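Beneath this line is the structure, given in structure tokens, with notes to follow.
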Amino acid sequence: MLVPLSWMLSFAPLPTDVDLLRATFDDLGLVVESVEHIGEGLDQIVCAKVTDISAIDGADKVRKITVDAGGAPLTIVCGAWNFVVGDVVPLAPVGAVLPGDFVIAKRKMRGVESNGMLCSARELGLGGDHAGLMLLTTVEGATPGAAIADVLGITPDVIFELSAEGNRPDAWSILGVVRDLAARLGVPVTVPALTDASIATAAATSPAAASIAAPAFCQRLTVTAATGIVVTDSPRFIVDRLEACGMRAINNVVDASNYVMLELGQPTHAYDAHRLSGGTLGVRLAAPQETITTLDEVARVLGVPGRGLGDSGEDVVIVDGDDVVIGIAGVMGGAATEIHDGTTALVLEAASFSPMAIARTSKKLGLRSEASSRFERGVDPNLAGAATERFFQVLRLTCPLLAVGWPSAVAEGDVAPVTVITAPVGEFTRLLGLSLDAATVERLLAPLGFAVAGDAILSITVPSNRPDIRTMPFGVADVAEEIVRTYGYTKLERTFPSWSTPGSLSAAQRRRRNLRSVLCGLGLDEVWTPTLVDPAVAARGLGDEAVVRLTNPLSAEEGALRTSLLPQMLAAIAYNADRRQLETGFFELGTVFEHPAVAATPRTTKAGGGGGAVASLPMERTHLLATLGRHGDDAATAVAMFAELHPTLGLGPYRLVQPAPLTDLGPLGLGLHPTRSAAVVCVATGITYGVVGEVDPTVVALAGVHDGRRIGLLGLDVDALATGELARAVGEAIPVSKFPSSEIDLAFVLADATPADALRAALVAAAGEHLSSCVLFDVYRGTGVADGSRSLAFRLQFGALDRTLTDGDVGAWRTSCIDAAASLGAVLR
Amino acid sequence: MGVTVGTLDLDAYVGAADAAIRAASSTDALDAVAAEYLGKKSQLALVQRTFGSLSDEEKRTAGAALQQVRSTLDGAISGRREALAAAERLEQLEADRLDLTEVVPAQVRRPLRRGHQHLISQTQAELEDVFVGMGFTVADGPEVETDWYNFEALNIPPAHPARGMWDTFYLELGDPETVVLRTHTSPVQVHLMEEAVANNTLPIHAVMPGRCFRRDTPDARHLHTFHQIEGLVIDEGITFTDLAGVIQTFTTAYFGPAMSSRLRPAFFPFTEPSAEFEITCAICQGAGCRTCSQTGWIELGGCGMVDPAVLDAVGIDATRYSGFAFGFGIDRCAQMRYQIADMRALVENDLRFVEQF
């Protein structure tokens with residue numbers, strides 16, 4: 001909202017210190033977005049007539065100009081060439097200050113004295129033209145020495161761009177803003193008449209001219225007939241004020257309506273009386289499929305339920321005496337009854353509509369107007385009378401024969417009762433922390449129009465221009481805000497509450513932090529990839545029914561929720577590869593989504609529409625995924641990395657199951673290399689909670705990584721890590737033996753078809769209780785080992801807490817191990 | 001009787017080609033077959049070149065017959081190619097087979113390099129730590145919410161004009177516009193309050209970080225996906241001046257002792273009284289500069305006393321309990337601290353950016 005200082009000053013003797021006003025606005029919650037100074041620095045700029053132009057020796061960019069600026073001829077050195085002798089141009093004489101604090105001084109250039117500066121439009125802050133001097137030759141009154149501000153009719157002013165909050169309908173007008181400022185600054189507010197001329201009274205407007213058939217949607221409808229209208233241009237000051245507020249002048253009738261809306265906040269609508277059947281206005285709900293062509297020449301269909309919640313299709317309309325729709329209430333009038341050049345009589349509507357109804361209709365039709373945005377916030381139901389009077393005052397300036405049909409016809413719907421907030425004064429202290437008494441509350445609220453009565457128990461009557469203040473009990477909070485707002489947020493004390501419970505992270509949050517720090521320690525970079533992905537990508541490997549789609553995506557490529565982290569993480573590798581950054585090892589901890597129709601356990605919560613219904617929502621799971629794309633990375637890297645990560649997870653022993661059982665893995669199993677991946681399974685519980693291995697080469701290529709590298713993969717279902725069964729009981733520390741341990745190395749040749757882990761398990765089982773570790777330390781294929789098998793070398797370490805083991809002990813275990821291995825077909829080398 | 005074009009018996013040609021296609025045992029061999037029967041030097045192509053001597057009518061008939069042969073063979077070749085490619089892929093995968101339990105971790109070598117946590121998760125952790133130090137617990141919540149949690153319980157009824165404050169992504173679930181990607185972390189407040197009421201565990205002192213979504217076209221300053229952290233205190237005797245104090249404590253703890261905060265009246269449907277909170281402009285240290293529009297203050301987030309309508313919606317007795325809530329952007333904190341000119345760098349995951357943090 002643009003608010004000119006000059007307009008504000010017509011209502012109250014406000015200070016003109018712009019910084020003070022800006023700070024006050026801010027502290028009142030009327031946020032100043034920008035401040036524009038109009039005509040600043042123009043007071044010393046005069047018109048100058050060019051009397052001579054001559055070259056300066058040795059200068060080809062500047063010339064010596066002689067001008068007549070009302071006094072003695074002045075010489076000026078000037079670099080512009082767009083004028084000739086006889087032209088009139090703006091002169092900033094010595095001592096003038098141009099916008100941007102640029103002081104004009106006497107200077108000598110090329111040996112020629114320059115006594116000022118001839119200016120372009122941009123240099124004067126009067127537009128963007130910088131191609132040459134501003135030419136005033138043809139402007140009326142541009143005589144030498146005349147002040148340019150007078151010649152151009154520019155009055156210096158300051159325009160504040162304010163953003164009034166949604167809960168401040170009262171502040172959506174010049175007068176409303178002034179009222180707020182004046183209350184804080186302690187100055188009186190008056191609304192002077194716009195004209196001394198009297199306005200003739202015509203026959204009273206017929207009481208039947210206003211009727212309301214939808215009382216829940218319109219508190220009051222005020223209709224006033226008038227004759228003696230001449231449609232013409234508005235007076236200059238009206239046009240200036242409208243333009244300063246960013247509105248275009250149309251004609252005196254439309255301008256008067258806009259002027260009143262800007263000034264008082266009451267939208268009005270004028271109908272051509274001769275085109276208004278019956279000369280009456282009624283308010284009702286649109287019938288289903290009823291249509292109207294609005295002022296913008298668009299045919300609108302009304303009375304149809306909207307798509308969203310809470311829009312049952314109740315559109316409020318204005319009808320004429322034949323019950324024909326002639327306007328969408330509070331949003332836009334119809335074309336048929338519009339004011340036109342030949343209008344001589346009009347009917348003025350000033351009403352107060354239900355904010356919610358106007359908001360619904362405006363949203364559904366995609367039609368926002370100055371009027372609808374005010375009605376949406378709530379218009380004072382008692383404002384129509386004053387606004388109607390003001391409208392005719394403005395119109396009287398151009399229509400001397402104006403005759404108004406006083407009194408107006410007024411129809412009433414469900415007029416909201418006056419809101420009274422009753423609360424102990426201590427209630428405000430309880431909420432605000434300010435020490436308040438009745439006198440203080442009254443001092444703070446009375447200037448805003450609140451009537452405060454009572455002492456211990458306050459009874460606060462809310463003015464009708466504050467429909468945002470709710471009734472009891474919630475209204476207490478609204479009044480509390482008004483108290484602290486007028487008190488001044490910047491003056492607010494700061495207190496520090498304390499409580500006895502400690503702050504903490506949850507176990508799940510600590511686990512996520514641990515994962516991040518371990519993986520960073522292992523050299524991986526954390527990435528953040530998009531949640532919104534291409535539906536085709538989301539469906540990959542899962543089918544369309546698993547995909548949650550957006551109703552209103554910004555683009556088709558962002559039309560679904562991700563089902564897996566993998567595609568976007570591979571895309572991150574491709575993005576870097578395209579920039580010759582090939583050493584990429586990434587991980588992400590993020591949410592993936594599963595459609596409730598396919599989720600094993602869909603999430604159900606309270607739905608909309610009052611929270612009564614139940615809705616099925618997508619299953620959200622936190623996945624950890626690492627894509628290992630550095631030089632030499634592959635499935636083995638992933639396995640080794642998981643071996644490092646696992647001890648920090650607080651889980652019991654795991655085993656790798658190959659091939660990974662895809663049905664147990666869900667989205668975590670997407671894109672796995674079929675022969676180089678395994679599922680991570682908890683030995684004790686059999687729960688599958690992760691994958692290690694590689695990304696399927698076809699999937700790598702699909703993501704745009706074409707350099708043939710292998711990409712190792714490590715994935716964890718982070719939510720599963722939190723399940724009670726998986727979490728290991730707090731383990732006891734394993735004592736370390738003081739006696740020397742014994743080690744034996746055993747190498748076996750084993751067919752490729754049998755997993756190394758099977759052999760290791762057999763060795764562990766056979767070695768007995770004194771085995772302290774059994775580690776695979778070498779794998780060999782080649783000469784001396786038959787094709788289709790490999791040599792696996794294990795180091796077994798034995799120890800006892802109470803003695804040194806004998807060669808005999810170890811020898812016996814060795815034999816058992818070899819026997820156990822033989823049963824798997826493994827042959828000792 | 002088969003169709004003959006020129007010297008070529010088409011049925012015989014197709015029969016021979018079919019057999020060759022079926023016999024091709026690799027994609028390379030199949031390529032050779034395709035060249036032989038459909039290529040530039042194939043009999044089919046040779047016959048086509050003799051069309052010059054035919055009448056228009058004959059050309060049409062012969063042309064159609066040849067086209068028929070071509071499409072039949074094309075189909076057969078692509079079918080065979082798929083089968084062969086699948087077999088070759090299987091063969092390759094089989095040759096690639098690795099027993100993951102024979103990996104010797106000690107033999108896996110990786111360069112000595114630390115990784116980098118994402119700037120946003122670092123920032124989030126720093127913010128969480130500040131609030132944990134101030135006595136807050138940290139809560140999480142889902143990214144998909146119903147209208148109830150994202151709007152209605154927060155005193156934003158359906159079709160309320162205040163909904164225009166959030167550009168919402170809706171999901172194709174349930175009735176139209178009932179399931180949303182959360183536009184703020186505030187729904188977590190509702191979950192926490194409902195749980196506290198159900199389990200009789202009031203008071204609440206918690207912060208809620210998380211990912212949020214708004215339907216804004218991304219530009220240098222905004223992404224449609226962003227991260228917020230939000231705080232909620234519900235207890236007996238909590239006041240607006242307590243909120244001002246907590247905001248100030250946080251400001252100095254996170255941004256540094258030289259930084260201050262101030263509140264300015266604002267409107268949010270879920271708080272009353274409401275405020276924007278601003279902190280000292282870090283660029284000019286409060287002196288006034290272009291970044292802060294000469295005010296010396298930079299807006300960080302919104303806050304206020306929890307609206308009694310919100311307490312009512314979740315069943316908290318507003319005459320006994322009061323509380324405040326505040327929220328601001330995690331991404332914005334990072335942007336301010338590191339002067340990030342284009343927020344899109346946060347999702348590009350370019351190593352040159354990632355490695356800076």
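Letters A, B, ... are given to chains in the order of the sequence lines, protein chains preceding strands, and every chain is numbered from 1. Since this is a predicted model, take the numbers as computed values, not measurements.
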Residues forming a side chain to side chain contact (heavy atoms under 4.5 Å, CB included) with A:Leu505, sequence neighbours excluded:
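Per chain and number, A:Leu505 pairs via side chain to side chain contact (heavy atoms under 4.5 Å, CB included) with A:Gln509, A:Arg510, A:Arg513, B:Glu128, B:Val132, B:Val138.
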
Contact origin within [X] toward chain A - heavy atom pairs under 4.5 Å:
| X | value |
| --- | --- |
| B:Glu348 | both |
| B:Asp140 | both |
| B:Ile238 | both |

Under the side-chain contact (heavy atoms from CB on, under 4.5 Å) criterion, do B:Ser121 and A:Arg516 qualify, and how do the steps go?
CA-CA 9 Å; B:Ser121 69; A:Arg516 286 194 168 98; 3.5 Å; yes

Options B:Arg215, B:Arg114, B:Gln248, ranked by heavy-atom pairs under 4.5 Å with chain A, top entry
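So the answer, after comparing B:Arg215, B:Arg114, B:Gln248, is B:Arg215.
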
Mind ranking B:Pro308, B:Ala153, B:Gly133 by heavy-atom pairs under 4.5 Å with chain A and telling me who comes out on top?
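Looking at each of B:Pro308, B:Ala153, B:Gly133 in turn, B:Pro308 comes out on top.
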
Where is the tightest heavy-atom contact between [X] and [Y], given as atom of each residue plus distance?
| X | Y | result |
| --- | --- | --- |
| B:Tyr170 | A:Asn552 | N-OD1, 2.9 Å |
| A:Met356 | B:Pro158 | CE-O, 3.3 Å |
| B:Val179 | A:Leu617 | CG1-CD2, 3.6 Å |

Ring pair (Phe, Tyr, Trp, His ring centres under 6.0 Å) between A:Tyr489 and B:Phe240, worked out
CA-CA 10 Å; A:Tyr489 279 33; B:Phe240 198 54; 5.3 Å; yes

How about A:Arg760 and B:Thr101: does a side-chain donor come under 3.5 Å of a side-chain acceptor?
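The answer is no; no qualifying pair exists.
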
Measure the spacing between CG of B:Leu119 and CH2 of A:Trp528 and express it to the nearest 0.5 Å.
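If we round to the nearest 0.5 Å, B:Leu119:CG and A:Trp528:CH2 are 9.5 Å apart.
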
Listed by chain and number, what are the side chain to side chain donor-acceptor pair (under 3.5 Å) partners of B:Ser322, not counting sequence neighbours?
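For B:Ser322, no residue satisfies side chain to side chain donor-acceptor pair (under 3.5 Å) once neighbours in sequence are set aside.
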
Are A:His673 and B:Asp96 close enough that some pair of their side-chain heavy atoms sits under 4.5 Å apart?
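Result yes, sub-4.5 Å side-chain heavy-atom pair found.
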
Does B:Arg89 form a side chain to side chain donor-acceptor pair (under 3.5 Å) with A:Thr698? I'd like the steps, not just the answer.
CA-CA 9 Å; B:Arg89 175 178 138 85; A:Thr698 314; 2.6 Å; yes

